[in-house]
Amino acid sequence: MSSAVVTRFAPSPTGYLHIGGARTALFNWLYARHFDGRMLLRIEDTDRERSTQGAIDAILDGMRWLGLDWDGDVVYQFARAERHREVAENLLVAGHAYHCYATPEELAAMRETARAEGRPIRYDGRWRDRDSSDAPAGVKPVIRLRAPIDGETVVEDGVQGRVTWQNRDLDDLVLLRSDGNPTYMLAVVVDDHDMGVTQVIRGDDHLTNAARQGQIYQALGWDVPAMAHIPLIHGSDGAKLSKRHGALGVDAYRDLGYLPAALRNYLVRLGWSHGDQEVFSTAEMVGAFDLKSIGRSPARFDFAKLENLNGLYIRTSEDAALVDAIETIVPALGPEHALTAPIGPDLRAKLIAAMPGLKERAKTLVELIDSAYYLYAPRPLALDEKAKGLLGNDARARLAAVLPTLEILSDWSATTTEAAVRHFAEGAGLKLGQIAQPLRAALTGRTTSPPLFDVMAVLGREESLARLRDQAQSA
RNA sequence: GCGCCCUUCGUCUAGCGGUCUAGGACGUCGCCCUUUCACGGCGAAAACACGGGUUCGAUUCCCGUAGGGCGCGCCA
């Protein structure tokens, strides 16, 4: 069995779950599920200054919304600080690490000098071979790794291939801070090892870290897990994705009206491909996912393609499921939408009835809500500009003329109302559009709202007639 | 500055030496369908960054150049 696969997603809780992190989580999740393994979740909160509970909640919520479940309990890295300290001490005893008494100010000056002189910006190893008896009074030391000076460090990466560094280009990193807390470099290595992680999948920005962590593994005599560094996601201008590009946390995508399945599908195709296939069900993704087919170049985030995919997922969603989805984002919409959650049973029934006609033409849930405006808008209907333009005196006269024809109808299904309106138009020597357009404007307040005859069916006889009378009389 | 990585249509990508007059998808444009808007159908424009090699033959392999990205914290 290949159930030995263990992946992990390890975000730092210093902000929301951003789109790059979401994709990293997705890839880890897919890899684990593909091999029938486990995906663990670890919150890297060793930076006590910047870690917040709000960020932790946002990350967990974001993953749940995306449908990325993890195995076992969430591991909080800070809670394991004692173990990290222990490992650092062991390294010290074994001679693979040493105390460094350089102060932060001193190191900053060192870097500044190096920069000014055009030399590599690295720790110069000034305490590497110095005895602790030289230690200046009152300075608490950090523990640094005694990294090899000669030779090279190699990372066999599942995506990037074999990547090699000369050890002379890598300096002695800090393992334990002067306050006794572990650094990220130490904590990651110890935790991945202790948690039994077999496959690390993370952003390309960690590639150099992989080399430095490799040195820690070596000093510890531990096996290095398989590595895979996936290319980053860039904004539409090619620069690193930032707020400037309108991309926030995954919660923002939810509020914008994107479906988690659509976002997943979009994200999986950013950097990964499976021949010409564009649309993947979750099961297909899990079945087809592999590291081999991940590209090495960064991808730009394209809202247009996400929208297209979202539209596809909306079109193929169940009507009731869409109404449920709508309900979840109503609180984020703002009062101008005149819709409140929870949605009452009458409105829910109407929305479900209207969905087949509505979902064909919506790219987002927000658009879906807008197009259903006529179902929840307060009466009298506020007309948009184009609808006003369509309801001139001529049009109102036509509405008044068609009313008797519609009033004798008892069955208000889409087919019978269509037949009636067509019949009327013919009899009056009008083109269908000449009567259909104002009818829709009168019934919905919009000109882009979908199939008139669906609208009439959903609204029903009394409601439709009432709205038409209102408009016909206000001439 | 030093190190590492990347480079096929506007965008996401297929391509793993000849099948490439380079395929698909989104977007764009045109036509059809049509009461609007969509959906759907058909079609069009649109790319191998540049320069050297290797080879009978390079989009595919190697080396440069240019451009881009990431890293170089007692952040993660």
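Comparing A:Ile121 and A:Gly433 by the nucleotide of RNA chain B whose heavy atom lies nearest to each, the residue mapping closer to the 5' end is A:Gly433. Position along RNA chain B of the nearest nucleotide to A:Leu452 versus A:Asp179 favours A:Leu452 as the more 5'-ward residue.
In summary, the side chains of A:Asp191 and A:His84 do present a donor paired with an acceptor at a separation below 3.5 Å, with no hydrogens or angles considered. For the residue pair A:Gln215/A:Asn167, the side-chain donor-acceptor check at 3.5 Å is satisfied.
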Under 3.5 Å, which protein N or O atoms sit close to an N or O of nucleotides 43-51 of chain B? Give each pair with its distance.
none

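None of A:Leu256, A:Leu263, A:Leu270, A:Ile19 except one satisfies the side-chain contact (heavy atoms from CB on, under 4.5 Å) rule with A:Leu306; the exception is A:Leu263.
Considering every non-hydrogen atom in both A:Leu390 and A:Gln437, the closest pair reads CD2-CB, 3.9 Å.
Spacing between atom CH2 of A:Trp272 and atom P of B:C12 amounts to 17 Å, rounded to whole angstrom units. Atom CZ in A:Phe280 sits roughly 12 Å away from atom P in B:U13 (whole-Å rounding). Between the P atom of B:G3 and the CD atom of A:Gln160 lies a distance of 18 Å, rounded to the nearest Å. Put simply, CG on A:Asp290 is 14 Å from C1' on B:C16, counting in whole angstrom units. Counting to the nearest Å, the C1' atom of B:U11 and the CG atom of A:Leu309 are 14 Å from each other.
OP1 or OP2 of B:U36 has not a single side-chain nitrogen or oxygen of A:Arg446 nearer than 4.0 Å. Within the 4.0 Å cut-off from OP1 or OP2 of B:A76, not a single side-chain nitrogen or oxygen of A:Arg202 is found. Between A:Arg119 and B:C72 there is no side-chain polar atom (N or O) within less than 4.0 angstrom of OP1 or OP2. Between A:Ser273 and B:A14, a side-chain N or O to OP1/OP2 separation shorter than 4.0 Å is present.
Across every strand in view, B:U21 sits unpaired, with no contact that passes the Watson-Crick or G-U test at under 3.5 angstrom. Nucleotide B:U7 forms a pair with B:A66, judged by Watson-Crick or G-U wobble geometry with both contacts under 3.5 Å. Taking a pair to require two hydrogen-bonding distances under 3.5 Å in either a Watson-Crick or a G-U wobble arrangement, B:G43 pairs with B:C29. Within the shown strands, nothing qualifies as a pairing partner of B:A38 under the Watson-Crick or G-U definition with both distances less than 3.5 Å. Taking a pair to require two hydrogen-bonding distances under 3.5 Å in either a Watson-Crick or a G-U wobble arrangement, B:C61 pairs with B:G53. Both distances falling under 3.5 Å, in either a Watson-Crick or a G-U wobble arrangement, occur for no nucleotide opposite B:A14.
Separation of the C1' atoms belonging to B:C42 and B:C20 is 25 Å when rounded to the nearest angstrom. B:U7 and B:U13 are spaced 14 Å apart, taking the C1' atom of each and rounding to whole Å. Separating the P atom of B:U65 from that of B:G1 is a span of 13 Å, rounded to the nearest Å. On the C1' atoms, B:G30 is 32 Å away from B:U19, given to the nearest whole Å. Rounded to a whole angstrom, the distance from the P atom of B:G15 to that of B:U34 is 41 Å. Taking atom C1' on both nucleotides, B:G53 is separated from B:G68 by 25 Å, rounded to a whole Å. Across B:G64 and B:U54, the matching C1' atoms stand 15 Å from one another, rounded to whole Å. Here the separation of B:C63 from B:C6, taken at their P atoms, is 11 Å to the nearest Å.
Residue contacts for A:Arg144: at a heavy-atom cut-off of 4.0 Å it reaches the sugar-phosphate backbone alone, with no base atom in range. Using a 4.0 Å heavy-atom distance criterion, A:Ser449 is classed as a base contact. Among the protein residues, A:Pro11 comes within range of no part of the nucleic acid, since none of its heavy atoms lies under 4.0 Å from any strand. Using a 4.0 Å heavy-atom distance criterion, A:Ala102 is classed as a base contact. At the heavy-atom level, A:Tyr266 lies nowhere under 4.0 Å from the strands shown. Among the heavy atoms of the strands lying under 4.0 Å from A:Gly271 are primed sugar atoms or P, OP1, OP2 only; no base atom is included. Nucleic acid contact class of A:Ser371 (heavy atoms, under 4.0 Å, all strands): none.
Side-chain atoms of A:Arg315 lie closest to B:G40 of the nucleotides B:C72, B:A76, B:G40. Of the candidates B:A76, B:U7, B:U35, B:U7 carries the atom nearest the A:Ser297 side chain, counting heavy atoms from C-beta on. The listed nucleotides are B:U11, B:A76, B:G3; the one nearest the side chain of A:Arg300 is B:U11. Out of B:C2, B:A76, B:G73, the shortest distance to the side chain of A:Arg111 is found at B:G73.
Residues passing the ring pair (Phe, Tyr, Trp, His ring centres under 6.0 Å) test with A:Tyr313: none are found, sequence neighbours excluded. With sequence neighbours excluded, the residues satisfying ring pair (Phe, Tyr, Trp, His ring centres under 6.0 Å) with A:Trp127 are A:Tyr101. Under the rule for a side-chain hydrogen bond (donor to acceptor under 3.5 Å, both in side chains), A:Lys386 has no partner lying at least two apart in sequence or in another chain. Shown here are the side-chain hydrogen bond (donor to acceptor under 3.5 Å, both in side chains) partners of A:Thr282, two or more places apart in sequence or in another chain: A:Arg264. Shown here are the ring pair (Phe, Tyr, Trp, His ring centres under 6.0 Å) partners of A:Tyr184, two or more places apart in sequence or in another chain: A:His206. With sequence neighbours left out, A:Arg361 forms a side-chain hydrogen bond (donor to acceptor under 3.5 Å, both in side chains) with no residue at all. In this structure, A:Asn308 has no side-chain hydrogen bond (donor to acceptor under 3.5 Å, both in side chains) partners at least two apart in sequence or on a different chain.
Shown for residues 168-175 of chain A: residues whose heavy atoms fall under 4.0 angstrom of RNA chain B, namely A:Asp169, A:Val174.
Ion pairing between a basic and an acidic side chain is recognised when a charged N comes within 4.0 Å of a carboxylate O; A:Glu426 and A:Arg422 show no such pairing. A salt bridge does not link A:Arg128 to A:Asp171: none of the charged side-chain nitrogens sits closer than 4.0 Å to a carboxylate oxygen. A:Asp204 and A:Arg296 are not joined by a salt bridge, as no carboxylate oxygen comes within less than 4.0 angstrom of a charged side-chain nitrogen. Salt-bridge check for A:Arg8 with A:Glu44: failed, with every basic side-chain N at 4.0 Å or more from each acidic carboxylate O.
Taking the ring centre of A:Phe78 as origin, the terminal cationic atom of A:Arg48 falls inside the region bounded by 6.0 Å and 45° from the ring axis. Geometric assessment of A:Arg80 against the ring of A:Tyr76 yields a negative cation-pi assignment under the 6.0 Å and 45° thresholds.
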**Asked** Nucleotide by nucleotide, 5' to 3', does protein get under 4.0 Å of the base (B), only the sugar-phosphate (S), or neither (-) in nucleotides 58-71 of chain B, counting heavy atoms?
**Response** -----------SSS

**Fill in**
Nucleotide by nucleotide, nucleotides 23-29 of chain B touches protein heavy atoms under 4.0 Å in the pattern (B base, S sugar-phosphate only, - none) BBBSS--

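Sequence neighbours left out, not one pair with a member in residues 416-441 of chain A passes ring-ring contact (aromatic ring centres under 6.0 Å, His included).
Residue-to-nucleotide contacts include a donor-acceptor pair under 3.5 Å from the side chain of A:Arg361 to the base of B:C37.
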